[in-house]
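Residues take their numbers from the sequence shown, with the count starting at 1.
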Amino acid sequence: MVTAIPRIVVAAPASGSGKTTVATGLMAALRSRGLTVSAHKVGPDFIDPTYHSLATGRPGRNLDAFLCAQELIAPLFLHGARGADIAVIEGVMGLYDGVRGTDVASTAHVAKLLDAPVLLVVDARSMSGSVAAMVHGFRDFDRGVRVAGVLLNRVGSPTHESMLRESLAPLGIPVVGALYRNDGLTVPARHLGLVPAVENDSARGQLQRLGLAVGSSCELDAVVEIARTAPALSDVPWDPAAVVREPVTGRPTVAVAMRSGFGFAYAEHLELLTAAGADVEVVDLTEPAALGRHVGALYLPGGFPEVFAAALSETAAARESVAAFAAAGGPVLAECGGMLYLLRQLDGRPMAGAVDAAAEMTTRLAM
């Protein structure tokens, strides 16, 4: 099987360069042009894909070469990008930052696995001639990575843009756009990165502004042409039905908490549950009747239940039904924030009480 999907990796020399802003704005801008855009994120990131989903109208997908193995990257990509006109893949950290100082699971690694061209987003603040040295180094560091275009970010003025373009001209790498400094284009962040889109009431408006800014500052036709240089992939798309060889009968209902503080789950998780023979029901644990009597299993993925602790605690009917379900032997899978909900207390507020323990959020982040 040979599948040709235009694709481009949006990467940066370092974290904090505005890469996420540019990638998400590019997705929104391409969609506004009438293209069906498939969104992907390198690594195990559950927050950025929430914005990707809003920008594209499709599930945000992860490409994690560490947890999922590099052999699955192309199949997972082809599965997620099925039916798309173009795929935009947002990188993680700096272009070459991988596991333990290597390039394993880095943006560069995934770009090579997908044979995808790279659009390098350069934070150009306080730079002129140095921008050429930076781009030259990132292009030549690993010739297996094809840096095919540059987008200048946080440019100060038209004069500044001219200096940057003149400096880059000898490299022969096209500059496809220049975004000027604009504090109004930022997305709110906190200790673990961006505030998830589900918690950000202004997310849609911010994405609209991002899409307009990128669309007016970037040569979208040039970006699409770069994406079209990606060759066809011969891998077989990942198929959840092929993974689950013997689905159960009877269509049991699996409730999955994906709202109000939860939702750190890959799109493929839900697809695997469906392929396994389940009916997936997305629930909100701030609603009293969240867990109905028909539910056969409960999945509580990670998230930020501490942000919704008051609402979750006040919804006693949902807490009591989860506790009763677990006490009766109902299967419950809880991860990260989902486990916090199962405890007796979270920050002094009553939770489900299925696990006899309490937790407190501290001011210090520990990895």
Asks: As an exercise, state the distance from CG of Asp235 to CG of Leu72, rounded to the nearest 0.5 Å.
Replies: 10.0 Å
Asks: Taking Thr24 for the side chain and His52 for the main chain, is one N or O donor matched with an acceptor at less than 3.5 Å?
Replies: no
Asks: Cut-off 3.5 Å, side chains only: do Thr229 and Arg146 have a donor facing an acceptor?
Replies: yes
Asks: Going hydrophobic residue to hydrophobic residue with side-chain gaps under 4.5 angstrom, can you get from Phe46 over to Val283?
Replies: no
Asks: Main chain of Ser17, side chain of Asn153: is a donor-acceptor contact present, judged purely on distance under 3.5 Å?
Replies: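 Yes: the side chain of Asn153 pairs with the backbone of Ser17.
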Asks: Determine, for Glu281 against Arg251, whether the closest basic-nitrogen to carboxylate-oxygen distance falls under 4.0 angstrom.
Replies: no
Asks: Pick one: which of Asp123, Thr21, Asn182 meets side-chain hydrogen bond (donor to acceptor under 3.5 Å, both in side chains) with Arg154?
Replies: Asp123
Asks: Is it true that a side-chain atom of Thr107 and a backbone atom of Ala11 form a donor plus acceptor pair closer than 3.5 Å?
Replies: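 Side chain of Thr107 to backbone of Ala11, a donor-acceptor pair under 3.5 Å: no, none is there.
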Asks: Under a plain distance cut-off of 3.5 Å, with no hydrogens placed, do Thr20 and Glu90 share a side-chain donor-acceptor pair?
Replies: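 There is such a pair (donor and acceptor under 3.5 Å, judged by atom type) between the side chains of Glu90 and Thr20.
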Asks: Evaluate the criterion side chain to side chain contact (heavy atoms under 4.5 Å, CB included) for residue pair Leu220 and Leu26; output intermediate values, then yes/no.
Replies: CA-CA 8 Å; Leu220 294 181; Leu26 180 59; 3.7 Å; yes
Asks: Once you round to the nearest 0.5 Å, how far does CG of Leu120 lie from CG of Leu168?
Replies: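 Taking CG in Leu120 and CG in Leu168, the distance rounds to 9.5 Å.
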Asks: Measure the CG-CD distance between Leu346 and Glu360 for me, rounded to the nearest 0.5 Å.
Replies: 9.0 Å
Asks: Measure the shortest side-chain to side-chain distance between Leu233 and Arg7 over non-hydrogen atoms and say whether it is less than 4.5 angstrom.
Replies: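 Touching, per the 4.5 Å side-chain cut-off.
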Asks: Quick one about Asp140 and His136 (side-chain donor to acceptor, distance below 3.5 Å, no hydrogens or angles considered), yes or no?
Replies: yes
Asks: For Thr253 and Asp279, does a side-chain donor sit closer than 3.5 Å to a side-chain acceptor?
Replies: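 Distance-only check fails for Thr253 and Asp279.
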Asks: Ion pair present between Arg82 and Asp239, side-chain N to carboxylate O less than 4.0 angstrom?
Replies: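 No, Arg82 and Asp239 are not salt-bridged.
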Asks: Under 3.5 Å, is there a donor-acceptor pair linking the side chains of His160 and Ser162?
Replies: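 On atom types as modelled, these side chains do not qualify, holding no pair under 3.5 Å.
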Asks: With a 3.5 Å cut-off and no angle check, do the side chains of Glu161 and Tyr180 form a donor-acceptor pair?
Replies: yes
Asks: For Phe304 and Phe262, I'd like to know if the aromatic rings sit close, meaning centre-to-centre distance below 6.0 Å.
Replies: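 No: the rings miss the under 6.0 Å criterion.
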Asks: Do His79 and Glu268 get their side chains close enough for a donor-acceptor pair, meaning under 3.5 Å?
Replies: no
Asks: List the steps, then state whether salt bridge (Lys or Arg N to Asp or Glu O under 4.0 Å) holds for Arg33 with Asp221.
Replies: CA-CA 10 Å; Arg33 292 275 296 265; Asp221 289 340; 2.5 Å; yes
Asks: Give the intermediate values and the outcome of salt bridge (Lys or Arg N to Asp or Glu O under 4.0 Å) for residues Arg349 and Asp347.
Replies: CA-CA 6 Å; Arg349 299 178 184 275; Asp347 287 339; over 6 Å; no
Asks: Is it the case that the side chain of Ser106 and the backbone of Thr102 share a donor-acceptor pair, with hydrogens and angles ignored and the cut-off at 3.5 Å?
Replies: no
Asks: Between Tyr299 and Glu335, does the side chain to side chain contact (heavy atoms under 4.5 Å, CB included) criterion hold? Intermediate values first, please.
Replies: CA-CA 8 Å; Tyr299 174 27; Glu335 305 167 330; 3.1 Å; yes
